[in-house]
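Note that the structure is a prediction, hence the values are computed from the model and not measured. Both counts, for ligands and for their atoms, begin at 1 and track the order of listing.
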Amino acid sequence: MAETMYEAPGIGLAATQVDVHKRVVVIDVSEDKSELRVFVNPELDNCLGLAVGEEGCLSVPGIYDKVERAERVTVRYLDLDGKARVLEADGLLAVCIQHEIDHLNGKVFVDHLSQLKQTRIRNKLAKQARVTA
Ligand code: GNR
Ligand code: NI
């Protein structure tokens with residue numbers, strides 16, 4: 001999964017996106033791609049504040065928009081050794097954690113946008129699909 005994420009290139013990937021139906025997420029928000037994080041069974045615990053940031057998604061190519069999310073989150077998860085861990089995150093890492101947990105729950109960032117925007121995005125993606133077909 002980490003390989004798929006780096007090749008995309010992306011800063012995060014949920015197992016759901018590569019048709020693996022397990023609650024696993026990989027994230028690397030570092031500049032030099034040296035801080036791979038693996039979250040097994042991640043659960044958001046404590047969410048604080050709100051922040052708006054531009055998001056994109058490998059599963060919704062070519063679409064970018066602003067999404068409002070918690071500014072600071074506490075996430076509980078298991079590491080690769082199955083050890084329970086807790087992480088507090090803010091900034092891009094917090095955004096990415098929320099984005100990836102959404103994927104595990106069958107949601108994409110577009111679900112956070114208005115109905116009008118969702119309709120426009122759907123039409124745009126349908127058009128793109130016709131062009132590449
Ligand atoms: O590569 C990605 N960049 C990104 C930028 C802002 C907010 C979220 C993301 S996640 C995305 C990769 C992806 O779609 N993961 O599910
Ligand atoms: Ni995504």
Query raised in the report: Side-chain donor-acceptor pair under 3.5 Å between H103 and N105, yes or no?
Result: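 No, no side-chain donor-acceptor pair sits under 3.5 Å.
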Query raised in the report: Do D102 and H112 get their side chains close enough for a donor-acceptor pair, meaning under 3.5 Å?
Result: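 Judged by distance alone, the side chains do pair up.
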Query raised in the report: Which N, O or S atom name in H99 marks its closest approach to the Ni ion (ligand 2)?
Result: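 This turns out to be NE2.
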Query raised in the report: With a 4.0 Å cut-off, would you call D28 and R37 a salt bridge?
Result: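 Salt bridge: no.
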Query - Ion pair E55/K66, N-O distance below 4.0 Å - result: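 So E55 does not pair with K66 through a salt bridge.
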Query raised in the report: What residue pairs, at least two apart or across chains, pass side chain to side chain donor-acceptor pair (under 3.5 Å) with a residue in residues 75-92?
Result: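 For residues 75-92: D45-R76, R72-E88, R72-D90, D79-R85.
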Query - From CZ (R122) to CD1 (I63), nearest 0.5 Å - result: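 Those atoms lie 11.5 Å apart.
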Query - Every residue of the protein that comes under 4.0 Å of ligand 1, judged on heavy atoms - result: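 Around ligand 1, where the cutoff is 4.0 Å for heavy atoms, the contacting residues are G10, I11, G12, Q17, E54, E55, G56, C57, L58, V95, H99, E100, H103.
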